[in-house]
Amino acid sequence: MYKLLALDMDGTLLNSDKMITPQTMAAIRQLMRAGVNVTIASGRFPASVWLHAREVGMNFPLVALNGAVTIDADTGHLLDGTPLLPEDALTLLDLAETAGAYIHFYGFNVLYVRELNDMNRRWPLHNVVVRANRELNEVNYRDQTMLIRVEDVGGDYRKFIRSTGDPIYKAAVICHDQTAREQLYQALEQQGRYQLSRTGSLRFDVNAAGVTKRGALERLCAAHDIPAREVAAAGDYDNDLDMLQWAGLGIAMGNAEPHVKERAAVVTGSNREDGVAEAIHRHLLLKATS
């Protein structure tokens, strides 16, 4: 019997419209009623993770920013965090700028940007619990977007990094030039000071070395006396790989990258086909109720 199901968000828990479908919601709630804990392990902001967990009714600690922070499912407050060291953030910035890449930094529910633009102003809106009957705009979702702040650092990241007393938990690097992007990725890998994870075709995330979804889940499971063999995890991308291979049951979504499917124990339907609900009914509920 599994005691915990850990779910990635984008491409897994959420469908292509960034929504939790009624079928997936019902399956998760049925699993929790059967006595299995369910949590989220995502690269997203803590507030976004918490809002979606609250929507479902999850009560197990949550993982955000690729494992850099764990948060209380009831309050959304920080339980534990591992930030980037300031000197490592500065080295990352130097290398990214040399490669001509765009970069921004994440604090706890704050996005630090060099300057505000139309794209990053809308970042909080891309992290809300989307309602089918509510148009996605700032007015309709103000109660959620107010939990995430976008802060203009005044054009000088170096001055900000040196002076801020607030932790920086993650950086996102976006580069449209494939060659430059891969060279930057390799240069950062060689530094040995970062945990890198590809999160899209044009971008990758950077955390402190050793920070992963798996690591955060391991700590939470140790605190709750749950061995890895009693954990199921579902995901679709590179930042899910460690988690899927560590868990007793690693579930790749049907829309997952081919190399993720190859390393998972089972493959379920895509996020457009309620793959999470399918996996729950096929692999978890029978064991939980038997």
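Computation of the quantities below employed the complete heavy-atom set of this structure, encompassing side-chain atoms and omitting hydrogens, waters and symmetry-equivalent molecules.
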Query - Side chain to side chain, Leu4 and Val38, heavy atoms closer than 4.5 Å - result: no
Query raised in the report: Which heavy atom in Gln23 sits nearest to a heavy atom in Ala277, and how many Å separate them?
Result: O-CB, 3.8 Å
Query - Test log, rule ring pair (Phe, Tyr, Trp, His ring centres under 6.0 Å), inputs Phe45 and Phe108 - result: CA-CA 7 Å; Phe45 285 105; Phe108 191 84; 9.6 Å; no
Report summary line: Hits for side chain to side chain contact (heavy atoms under 4.5 Å, CB included) against Thr82, two or more places apart or cross-chain, chain-then-number order -> Ala208, Val211
Report task. Please round to the nearest 0.5 Å and tell me the distance separating atom CG of Asn239 and atom OG of Ser42. Result -> 8.0 Å
Report task. Would you give the length of the straight line joining atom CH2 of Trp50 to atom CD1 of Ile71, rounded to the nearest 0.5 angstrom? Result -> 9.0 Å
Query raised in the report: Do Leu220 and Thr70 have side-chain heavy atoms sitting under 4.5 Å apart?
Result: yes
Query - Asn255 side chain to Ser270 backbone, donor-acceptor under 3.5 Å - result: no
Query raised in the report: Which heavy atom of Leu284 sits nearest a heavy atom of Ala232, and at what distance?
Result: CD2-CB, 3.8 Å
Query raised in the report: Where do Ala264 and Ile251 come nearest, in terms of heavy atoms and distance?
Result: CB-C, 4.3 Å
Report summary line: Tested for side-chain contact (heavy atoms from CB on, under 4.5 Å) against Val128, the lone hit among Leu136, Leu147, Asn140, Leu51 is Leu136
Report task. Any salt bridge (charged side-chain N to carboxylate O under 4.0 Å, His left out) involving residues 266-286? Give me the pairs, sequence neighbours left out, ordered by first then second residue. Result -> Glu278-Arg282
Query raised in the report: Which pairs, with at least one residue in residues 215-230 and sequence neighbours excluded, count as a salt bridge (charged side-chain N to carboxylate O under 4.0 Å, His left out)?
Result: Lys3-Glu230, Asp80-Arg219, Arg214-Glu218
Requested in this report: Grab the two heavy atoms, one from Leu65 and one from Gly107, that are nearest each other, plus how far apart they are.
Outcome: CD1-O, 3.8 Å
**Report entry** hydrophobic_cluster_shared for Val266 and Leu31, side chain cutoff 4.5 Å
**Finding:** yes
Report task. Sort and list the pairs that fulfil side chain to side chain donor-acceptor pair (under 3.5 Å) and have at least one residue in residues 85-96, not counting sequence neighbours. Result -> Asp88-Arg193, Thr91-Arg193, Asp94-Arg158
Requested in this report: Begin from the C-alpha positions of Ile103 and Tyr157 and carry the test side chain to side chain contact (heavy atoms under 4.5 Å, CB included) through to its verdict.
Outcome: CA-CA 10 Å; Ile103 186 170; Tyr157 269 140; 4.1 Å; yes
Report summary line: Here the side chain to side chain donor-acceptor pair (under 3.5 Å) pairs for residues 173-186, sequence neighbours left out, are Glu182-Arg198
Query raised in the report: Does a side-chain N-to-carboxylate-O contact under 4.0 Å join Asp240 and Lys213?
Result: yes
Requested in this report: Name all pairs fulfilling the salt bridge (charged side-chain N to carboxylate O under 4.0 Å, His left out) condition that reach into residues 125-148, sequence neighbours left out, sorted by first residue then second.
Outcome: Glu55-Arg131, Glu138-Arg142
Query raised in the report: What are the two closest heavy atoms between Ala99 and Cys175, and how far apart are they?
Result: O-SG, 4.4 Å
Report task. Show your reasoning for whether side chain to side chain contact (heavy atoms under 4.5 Å, CB included) applies to Tyr2 and Leu249. Result -> CA-CA 9 Å; Tyr2 296 103; Leu249 179 66; 3.5 Å; yes
**Report entry** Pairwise side-chain contact, Gln30 with Ile280, heavy-atom cut-off 4.5 Å (strictly under)
**Finding:** no
Query raised in the report: Can you get from Val49 to Val130 by hopping between Ile, Leu, Val, Met, Phe, Trp and Tyr side chains that sit under 4.5 Å apart?
Result: no
Query raised in the report: Can you list every side chain to side chain donor-acceptor pair (under 3.5 Å) pair that touches residues 256-266, not counting sequence neighbours?
Result: Asp238-His259
Query raised in the report: Any side-chain heavy-atom pair from Met243 and Thr212 closer than 4.5 angstrom?
Result: no
Query raised in the report: Out of curiosity, does Leu125 fall in the hydrophobic cluster containing Tyr106 (side-chain heavy atoms, cut-off under 4.5 Å, transitive links)?
Result: no
Query raised in the report: Applying the 4.5 Å side-chain criterion to the ILVMFWY set and letting contacts propagate, would Ile226 and Met58 be lumped into a single cluster?
Result: no
Query - Aromatic contact, Phe60 with His224 (centres under 6.0 Å) - result: yes
Query - side chain to side chain contact (heavy atoms under 4.5 Å, CB included) between Met9 and Thr12, intermediate numbers included - result: CA-CA 5 Å; Met9 281 183 65; Thr12 302; over 6 Å; no
Query - Separation of Ile28 CD1 from Leu5 CG (nearest 0.5 Å) - result: 7.0 Å
**Report entry** Gln195 and Val206, any side-chain heavy atoms less than 4.5 Å apart
**Finding:** no
Query raised in the report: Do the side chains of Ile148 and Leu111 get nearer than 4.5 Å, heavy atoms only?
Result: no
**Report entry** Residues in side chain to side chain donor-acceptor pair (under 3.5 Å) contact with Asp156, at least two apart in sequence or another chain
**Finding:** none
Query raised in the report: Is it true that Phe160 and Phe105 have ring centroids separated by less than 6.0 Å?
Result: no
Query raised in the report: Looking at His104 versus Trp123, is the centre-to-centre ring distance below 6.0 Å?
Result: yes
**Report entry** Minimum-distance pair of heavy atoms, taken over all atoms of Gly154 and Asp152
**Finding:** N-OD1, 2.7 Å
Query raised in the report: Do the side chains of Leu244 and Val260 get nearer than 4.5 Å, heavy atoms only?
Result: yes
Report task. List in chain and number order the residues that pass side chain to side chain donor-acceptor pair (under 3.5 Å) with Glu151, two or more places apart in sequence or in another chain; answer none if no residue qualifies. Result -> Arg149
Query - Side chain Tyr112, main chain Ile161, donor-acceptor under 3.5 Å - result: no
Report summary line: With sequence neighbours left out, the residues meeting side chain to side chain contact (heavy atoms under 4.5 Å, CB included) with Ile20 are Leu13, Leu14, Thr24, Met25, His52, Val56
Taking distance alone, no hydrogens or angles, what donor-acceptor pairs closer than 3.5 Å link side-chain atoms of residues 164-171 to residues at least two apart or in another chain?
from, atom 1, to, atom 2, distance (Å)
Thr164, OG1, Asp166, N, 3.1
Lys170, NZ, Gly43, O, 2.8
Lys170, NZ, Asp205, OD2, 3.1

Query raised in the report: Hey, any chance Leu217 and Val69 share a hydrophobic cluster, counting ILVMFWY side chains that come within less than 4.5 Å of each other, even indirectly?
Result: no
Query raised in the report: Do Asn66 and Asn207 come close enough that some side-chain heavy atom pair is under 4.5 Å?
Result: yes
Query - From CA spacing to verdict: side chain to side chain contact (heavy atoms under 4.5 Å, CB included), Asn127, Gln144 - result: CA-CA 8 Å; Asn127 282 270; Gln144 296 186 55; over 6 Å; no
Query raised in the report: Among pairs that include at least one residue of residues 11-37, which meet salt bridge (charged side-chain N to carboxylate O under 4.0 Å, His left out), considering only residues two or more places apart or in two chains?
Result: Asp10-Lys18
